[in-house]
Amino acid sequence: MNAVDQVRGFGAPPWRRLVRAELHRLTAPPAVRRVAAGLPLLVLAFGLSKLFTHSPDTGPALREADARYQEFIEQAARTGMPTGSIGPDSFFDDPRYLMESLSFGDLRTVLLGLCAAATVFGIVSGGADWASRVMLTLTAAEPGRARLFLTRGVLVGSLSMAATALCGLLLVPCLLLAAHLRGSTGGLDAAYWAVLVSQFLRGIVLVGLLALLGYSLTVLTRHVPAALAIAFLYLAGAGRVFGGRGPRLAEYDMDGLTFAVLNEKPVIPMAESDCISGPGCAATHVDLTAFDGFTGILLYLLPVLILALWRSTRTDVG
């Protein structure tokens, strides 16, 4: 079988050749290559910045805590406000980098940034060929449109997950170095590493799912600006749409779901929680587990994915 036969639709290129061709097509744009090269550098810079934003010297922080506590006591004496069990420790802002408590938040910050980058990568990857009309040639050479759609979708998700794994493996040693030189590595037992690895692995899967969501959204719309507009309009309006619709629905916007997936702490039942406000408190109050988070994200992804597959296989590409 020659290339002419394939273009005429009498056969399709072998799957391995299709994967190689699509992998090259996805990574060929200069912008994608620049971002791929820049992400590890940004993660390294973020991790190493902890060396400069933390200090092992707790003396100034202790003195500031004592001064703030004295101000509080004086104000409480003037107003008759009870002080309860509040002491100087309540005003102490530890300048050290404590790996046991701070690493989870730093890893979550990096993973959320990669989630946003993966979504944009999926949108651009799914829509570039529609904008340039290259899709006409691709579907001629690959008559199995479902195979083309699924192959590219798997590659988009896999590349995003691989980049996330690399960034995480670069980040953790930087945080360990910061903790060793500017703080403490105490408490890094087997339970700690189990929780950190679990958060990291959940983040890798989350990034892959959001990349696939962005890809499916662009294949469905066949227009990169339209897909980007939908994503940004959702982010801008989700709070108004979901807010005030009941305790569980209010946290099924993407912010609440991603927090639930990346939450390293056990979920506390509402009756036992003393949390007052903030996205973390809301997720805790409604008992959103990581499983709930993934379930909610799949509720977003699957309808868009199915519609995108239907449109890419059942309608004209012209």
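One is the number of the first residue; the rest follow in order along the sequence. Computation of the quantities below employed the complete heavy-atom set of this structure, encompassing side-chain atoms and omitting hydrogens, waters and symmetry-equivalent molecules.
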Supply the atom-to-atom distance [X] [atom1] to [Y] [atom2], rounded to the nearest 0.5 angstrom.
{"X": "S103", "Y": "L175", "atom1": "OG", "atom2": "CG", "result": "6.5 Å"}
{"X": "L44", "Y": "L171", "atom1": "CG", "atom2": "CG", "result": "8.5 Å"}
{"X": "D94", "Y": "L62", "atom1": "CG", "atom2": "CG", "result": "8.0 Å"}
{"X": "T119", "Y": "L217", "atom1": "OG1", "atom2": "CG", "result": "10.0 Å"}
{"X": "T185", "Y": "L177", "atom1": "OG1", "atom2": "CG", "result": "11.5 Å"}
{"X": "K50", "Y": "R182", "atom1": "NZ", "atom2": "CZ", "result": "14.0 Å"}

Closer than 4.0 angstrom, basic N to acidic O: yes or no for R25 and E22?
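Looking at R25 and E22, the cut-off is met.
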Taking everything shown except D189 itself, do over 12 heavy atoms lie less than 6.0 Å from its CG?
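Yes, CG of D189 has more than 12 neighbouring heavy atoms, counting only those of other groups under 6.0 Å.
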So do [Y] and [X] actually touch side chain to side chain, heavy atoms under 4.5 Å?
{"X": "E264", "Y": "Q199", "result": "yes"}
{"X": "L98", "Y": "H54", "result": "no"}
{"X": "L188", "Y": "L176", "result": "yes"}
{"X": "V205", "Y": "F294", "result": "yes"}
{"X": "L170", "Y": "L166", "result": "yes"}
{"X": "V172", "Y": "W193", "result": "yes"}
{"X": "R33", "Y": "P30", "result": "no"}
{"X": "L206", "Y": "C115", "result": "yes"}

For residues [X] and [Y]: do they belong to one hydrophobic cluster (side chain heavy atoms under 4.5 Å, members Ile, Leu, Val, Met, Phe, Trp, Tyr)?
{"X": "I306", "Y": "W310", "result": "no"}
{"X": "F52", "Y": "L181", "result": "yes"}
{"X": "F46", "Y": "L42", "result": "no"}
{"X": "V197", "Y": "L262", "result": "yes"}
{"X": "L51", "Y": "L107", "result": "no"}

Does V35 form a side-chain contact (heavy atoms from CB on, under 4.5 Å) with F121? I'd like the steps, not just the answer.
CA-CA 10 Å; V35 171; F121 172 63; over 6 Å; no
Derivation and outcome, side-chain contact (heavy atoms from CB on, under 4.5 Å), residues L209 and L213:
CA-CA 6 Å; L209 291 177; L213 177 61; over 6 Å; no
Which atom of [X] lies closest to which atom of [Y], heavy atoms considered:
{"X": "M99", "Y": "A179", "answer": "CB-CB, 3.6 Å"}
{"X": "V219", "Y": "A308", "answer": "CG1-O, 3.8 Å"}
{"X": "S184", "Y": "G186", "answer": "OG-N, 3.0 Å"}
{"X": "G293", "Y": "A260", "answer": "CA-CB, 4.2 Å"}
{"X": "P56", "Y": "R96", "answer": "CA-CG, 3.9 Å"}
{"X": "L301", "Y": "S216", "answer": "CD1-OG, 4.5 Å"}

Between F104 and F200, does a ring-ring contact (aromatic ring centres under 6.0 Å, His included) hold up when you go through it step by step?
CA-CA 9 Å; F104 297 106; F200 179 41; over 10 Å; no
Steps toward side-chain contact (heavy atoms from CB on, under 4.5 Å) verdict (L111, R108):
CA-CA 5 Å; L111 290 174; R108 187 188 305 112; 5.6 Å; no
Positive for side-chain contact (heavy atoms from CB on, under 4.5 Å) with R152, one of V156, L155, L150
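The option that passes is V156.
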Looking at V154, L26, T164, V32, which hits side-chain contact (heavy atoms from CB on, under 4.5 Å) with L159?
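The option that passes is L26.
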Is it true that T289 and D292 share a donor-acceptor pair across their side chains at a distance under 3.5 Å?
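T289 and D292 do have a side-chain donor-acceptor pair below 3.5 Å.
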Examine the side chains of S55 and Y97 and answer whether a donor and an acceptor come within less than 3.5 Å of each other.
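Per modelled atom types, S55 and Y97 side chains form no pair under 3.5 Å.
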Check the pair Y215, L305 against side-chain contact (heavy atoms from CB on, under 4.5 Å), reporting the backbone distance first and the verdict last.
CA-CA 9 Å; Y215 167 75; L305 180 66; 5.7 Å; no
Any donor and acceptor pair, going by atom type alone, linking the side chain of T218 with main-chain N or O of G214 inside 3.5 Å?
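Indeed, once roles are kept as given, a pair shorter than 3.5 Å links the two residues.
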